Number of protein chains: 2
Amino acid sequence: MGRKKSFDQHIVVAQMSTLFVQRGFEGTSLDDLVTATGLLRGSLYSEFGSKQGMFMACLKANLKKQPLDDVTWRLLLVAMLELTSNSQAVNEIVSQWYAKQNSPNIATQLGQQVLKHSHILSGDNDNGKRS
Amino acid sequence: MGRKKSFDQHIVVAQMSTLFVQRGFEGTSLDDLVTATGLLRGSLYSEFGSKQGMFMACLKANLKKQPLDDVTWRLLLVAMLELTSNSQAVNEIVSQWYAKQNSPNIATQLGQQVLKHSHILSGDNDNGKRS
DNA sequence: GTTTTATTTGACTGATTGGTCAAGTAAAAT
DNA sequence: ATTTTACTTGACCAATCAGTCAAATAAAAC
C-alpha cells in the first residue's frame with residue numbers, strides 16, 4: 001500500500017470549487033489552489049494531473065448534486081466560457097449534462113447566475129483587492 | 001500638433017473586441033493585442049492606459065450600437081464574469097447599461113449567449129490549439 | 001531650417017504562470 | 001528489521017504576463 005494520503009478528496013474538491021467559482025479558471029492560480037487546500041503542488045498534480053484536471057474533478061463532483069446549487073451553476077458557466085470551446089474533455093462533460101436536461105429555460109438560469117455573480121447595481125466590488 | 005497617429009481608433013477597438021470576445025479578458029494577452037492590431041505596446045498603452053482601459057474602450061464603443069449584436073453581448077458577459085466584481089469602473093459601465101434596460105428577459109439573452117459561445121453539442125472545439 | 005510637440009518603437013523588467021522531479025517520509029509487505 | 005510502495009515536499013524551470021521608458025521619428029509651429 002505505501003503511505004496514506006494526507007487529505008480528503010471531497011474536502012479538497014470543495015475548497016478548489018470555491019476558488020474556481022470566485023475567480024474563474026484562468027483567474028485561479030496554482031498558488032491560490034495550494035493556499036486554499038493546504039496541499040503542495042506535487043500532491044495536487046499527482047492527484048489531478050493538471051490544472052484542468054483539478055477543474056474537471058470539481059465539475060464532475062458538483063454535477064452529481066441534485067438540484068444544482070449556485071456553485072455548480074457557476075462552475076458550468078466557467079466551463080462554458082473558458083474551457084468548453086478549447087477542451088474536448090470539458091466539452092463532453094458539459095454536453096452530456098446539457099443533453100440530459102429537458103428544461104426549456106436553461107439559458108435563463110445561466111443568465112441569472114451571470115447577473116448574480118456580476119454584483120451589478122449593488123456596488124460591493126473591491127477594486128481588485130484580494131484578501 | 002506633433003506627429004499624427006498611425007491608426008484609426010475605431011478599427012483598433014474593433015480588432016481588440018474580436019479578441020476579447022474570443023478569449024475573454026484574462027485569456028487575451030498584450031502580445032495577442034499587439035499582433036491583432038498591428039500596433040506596439042507603447043502605442044496601445046499611450047492610447048488606452050492599461051489592458052483594462054483597452055477593454056473598457058471596446059465595451060463603451062460597442063454599447064453604443066443598437067440593437068446589441070453578438071460581440072456586444074459577449075463583451076458584457078466577459079465584463080460581468082471577469083471584471084465587474086473587481087473593478088468599480090467596469091461595474092459602473094455595465095450597471096448604467098443594465099439600469100436603462102427594461103426588457104424582462106436580459107437573463108435569458110445572456111444565457112443564450114453563454115450557450116452559443118460554449119459550442120456545446122457541436123463538437124467543433126480545437127483542443128487548445130491556436131492559429 | 002530650427003524648435004517644439006506628439007507618436008512610435010521595441011528592448012527590457014520584475015512578477016507570476018503552470019508544471020516537474022529528486023529527495024524525503026510514512027505506511028504496508030516481507 | 002529490511003525492503004518496497006505510495007505519497008509529500010518545495011526548490012526549481014522555462015514561458016509568459018502586464019507594464020515601462022529612453023531613444024527614434026514625424027509632423028506642426030515658428
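Excluded from the calculations below are hydrogen atoms, water molecules and symmetry mates; all remaining heavy atoms, backbone and side chain alike, are included. The structure displayed is predicted, hence computed values, not measured ones. Residue numbers start from 1 in every chain, and the chains themselves are labelled A, B, ... in the order their sequence lines are given, proteins ahead of strands.
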Between [N] ([atom2]) and [X] ([atom1]): distance, integer Å:
| X | N | atom1 | atom2 | answer |
| --- | --- | --- | --- | --- |
| B/Lys4 | C/dT5 | NZ | P | 19 Å |
| A/Asp31 | D/dC13 | CG | P | 17 Å |
| B/Leu44 | C/dT8 | CG | P | 9 Å |
| B/Arg23 | D/dT16 | CZ | C1' | 14 Å |
| B/Asp32 | D/dA18 | CG | C1' | 12 Å |
| B/Lys51 | C/dA15 | NZ | P | 19 Å |
| A/Phe25 | C/dT17 | CZ | P | 13 Å |
| B/Phe7 | C/dT7 | CZ | P | 8 Å |

B/Lys5 side chain near B/Glu47 side chain, heavy-atom distance below 4.5 Å: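 Side chain of B/Lys5 against side chain of B/Glu47, heavy atoms only: contact under 4.5 Å found.
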Sequence neighbours excluded, every pair satisfying ring pair (Phe, Tyr, Trp, His ring centres under 6.0 Å) that has a member inside residues 53-88 of chain A: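 Every pair satisfying ring pair (Phe, Tyr, Trp, His ring centres under 6.0 Å) with a residue in residues 53-88 of chain A: A/Phe20-A/Phe55, A/Phe25-A/Phe55, A/Trp73-A/Trp97.
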Give a yes-or-no answer on whether the side chains of [X] and [Y] include a donor-acceptor pair shorter than 3.5 Å.
| X | Y | value |
| --- | --- | --- |
| B/Ser17 | B/Asn62 | yes |
| B/Asp69 | B/Thr72 | yes |
| B/Asp32 | B/Thr28 | no |

B/Met1 or B/Gln52, whichever maps to the more 5' nucleotide of DNA chain D: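 On the 5' side of the pair lies B/Gln52.
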Which residue lies more 5' along DNA chain D, comparing A/Ser46 with B/Leu30 via nearest heavy atoms: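 Nearest-nucleotide comparison on DNA chain D picks A/Ser46.
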Side-chain N,O (A/Ser29) to OP1/OP2 (C/dT16) below 4.0 Å: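 No.
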Salt bridge (Lys or Arg N to Asp or Glu O under 4.0 Å) contacts in which one or both residues fall within residues 91-120 of chain B, not counting sequence neighbours: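 Listed by first then second residue: B/Asp70-B/Lys116.
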Enclosure of B/Lys64 NZ (heavy-atom neighbours >12, cutoff 6.0 Å):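 At most 12 heavy atoms, drawn from other residues, nucleotides or ligands, come within 6.0 Å of this atom.
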Sub-3.5 Å pairs of nitrogen or oxygen atoms, protein against nucleotides 9-14 of chain C:
| unit_1 | atom_1 | unit_2 | atom_2 | d |
| --- | --- | --- | --- | --- |
| C/dG10 | O6 | B/Gly42 | N | 3.2 |

